[in-house]
Amino acid sequence: MSRPKDWELVCIGCGTAAETELPDSTCRRCGDLLEIRVNKEIDRGSFFDGEGPGIWRFKRALPFPPDVEPVSLEEGGTPLVRTDRFATRLGLHNLYAKNDGQNPTGSFKDRGMSVAVTRAKTLGAKALICASTGNTAASLAAYAARAGIDAVVVVPRAGVASGKLGQAFAYGARVFGVEGNFDQALATVFDLVRKDGRFYLMNSVNPFRIEGQKITAYEIFEQLARVPDYVVLPVGNAGNISAIWKGFKELRKWRIVDSLPKMIGVQAEGASPLAAVISSGEPFRPVKEPRTVASAIRIGNPVSWKKALSAIAESGGRAAVVSDEEIMEAKRRLSQEEGLLVEAASAAPFAALIKLNLPREAAVVCIATGNGLKDLSDHGGDHEIESAVDSDSIASSIGSLP
Ligand code: F0G
């Protein structure tokens, strides 16, 4: 009897198995997205004892042979911190932030980029390309540099945080801007990879990205020593919600856990096509001109929308929508009450908690997807440096303390 392959690429639409990924990562037969199915034997007793840099300690769960040479910056392993002051106001008792801003380039993108760049290197890719609202660009640029491969990033010409662009330039990527939003940038990149065989696509349609990002689920389970009741996260192109859900489902398949969290995807009011499907029951329709202060999730046509809807439906979760004001208020409170500086998109799940009314005792993990240092543009004009004439002037300006 022939042994099943260690892993395979399977189309999420028609179920066809693919031998290898096309440059645009889609199914040769029906054009839908491909997903990796890991068939390896997983020893649950030693699952968390693996060795390797960063996420590569879980390499048994990844689509590579044991002698793989990872392109790694020791990504993952980010802190899971309690946010008690934020939680108390909401009446929640077990609220955590998975602080993915502490990844090597400051966002959750690094786990997936490590895996996908390792794959690209194995395939001998000449140039790596992505469309991005900023974080993917920064992450790709860094990992491509580490692998010694050229990186090209395509961004909306306006509206990308300067810190993220600065990172892409600093790591040596070529940066192109489209007149338009992320959706147009991604369409341009798809067009290019289909026409020109030199480029390997690094957006989250690339199933190897998802394989890296799924490890977030393993980390959360390990850190919490249980499966959380809810995982709440911002949704843009919808890769991360699909990936984390995949990770938890694998843990259950391998009998490492026996329950699953409910997945709650949070979108900004002006960019919420997924939430619209769930609330209206109507078919998926892209938002033409997505608008939100949270530039990372300013996306109207999330490419992994089917996977995200499945994650929400299968897990019994929900979609939530938050306004820009709610996002900025949550962002302010996280930094001033918890010491957690996240970017606007990453404050969205915390903003959603205010209206979600989750059970008080529930264990809730919000994914703080990106570091606030990347985007300091939205702190408003009320932060002027006060004049210090001498020590007495500071003391009298401060006045009495509580
Ligand atoms: N949070 C942050 C900070 C992001 O940068 C992104 C996506 C998301 C959440 C949403 O994740 O796309 O997997 O649903 N940023 C992408 C980029 C689009 O280009 O950096 P998603």
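Keep in mind the model is a prediction, meaning the values are calculated, not measured. Ligands are counted one by one from 1 in listed order, and the atoms in each one are counted from 1 as well.
Within the 4.0 Å heavy-atom criterion, neither part of I241 lies near ligand 1. Contact annotation for S132 and ligand 1: heavy atoms of both the backbone and the side chain come within less than 4.0 Å of the ligand. Residue-level proximity to ligand 1 for I297 is carried by the side chain, the only part with a heavy atom below 4.0 angstrom.
For atom 16 (C) of ligand 1, the closest non-hydrogen atom of the protein is K109 NZ, 2.9 Å. Ranking the protein heavy atoms by distance from atom 4 (C) of ligand 1 puts A296 CB, 3.5 Å first. Protein heavy atom in closest approach to atom 13 (O) of ligand 1: N240 N, 2.8 Å.
In this structure, the ring of F58 has its center less than 6.0 angstrom from the ring center of F47.
For the pair R119 and F64, the NZ or CZ position fails the cation-pi test of under 6.0 Å to the six-membered ring centre and within 45 degrees of the ring normal.
For the pair S107 (side chain) and T369 (backbone), a donor-acceptor distance under 3.5 Å is absent. Proximity of a side-chain donor or acceptor of Q267 to a complementary backbone N or O of A319 within less than 3.5 Å is not detected.
One finds no salt bridge joining D6 and K40 here, because no Lys/Arg side-chain nitrogen approaches an Asp/Glu carboxylate oxygen to under 4.0 Å.
Remark: ligand 1 atoms within the under-4.0 Å shell around heavy atoms of I299 are 18 (C). Per-residue contacts place T136 under 4.0 angstrom from the following atoms of ligand 1 (heavy atoms of the residue considered): 16 (C), 17 (C), 19 (O), 20 (O). Close approach to E343 involves these atoms of ligand 1, each under 4.0 Å from a residue heavy atom: 3 (C). Within ligand 1, the atoms closer than 4.0 Å to a non-hydrogen atom of G239 are 13 (O), 14 (O), 21 (P), numbered from 1 in the order shown. The N237 neighbourhood of ligand 1 comprises atoms 12 (O), 14 (O), 21 (P), with distances under 4.0 Å to a heavy atom of that residue.
Considering only heavy atoms from C-beta on, P70 stays 4.5 Å or farther from K59 through its side chain. Looking only at side-chain heavy atoms (C-beta outward), I241 and W245 stay at 4.5 Å or farther from each other. With a 4.5 Å cut-off on side-chain heavy atoms, I55 and Y218 do not count as touching.
Environment of CG in D258: sparse, with no more than 12 heavy atoms of neighbouring residues, nucleotides or ligands closer than 6.0 Å. Heavy-atom neighbours of R226 CZ from other residues, nucleotides or ligands within 6.0 Å: above the threshold of 12.
An N or O contact shorter than 3.5 Å is missing between V235 and ligand 1 by distance. Here's the thing with N135: one of its N/O atoms is less than 3.5 angstrom from an N/O atom of ligand 1. Of the polar atoms of F108, none of the N or O atoms is found under 3.5 Å from an N or O of ligand 1, judged by distance alone. At under 3.5 Å, a nitrogen or oxygen of T369, whether backbone or side chain, sits near a nitrogen or oxygen of ligand 1.
Considering V231, L95, T83, D229 as possible partners of V364, the one that fulfils the side-chain contact (heavy atoms from CB on, under 4.5 Å) test is L95.
The heavy atom nearest to atom 10 (C) of ligand 1, out of those in P302, A294, G236, is found in G236.
Residue contacts with ligand 1 leave out S204, since none of its heavy atoms falls under 4.0 Å from the ligand. Taking 4.0 Å as the cut-off, A238 counts as a neighbour of ligand 1 on heavy-atom distance.
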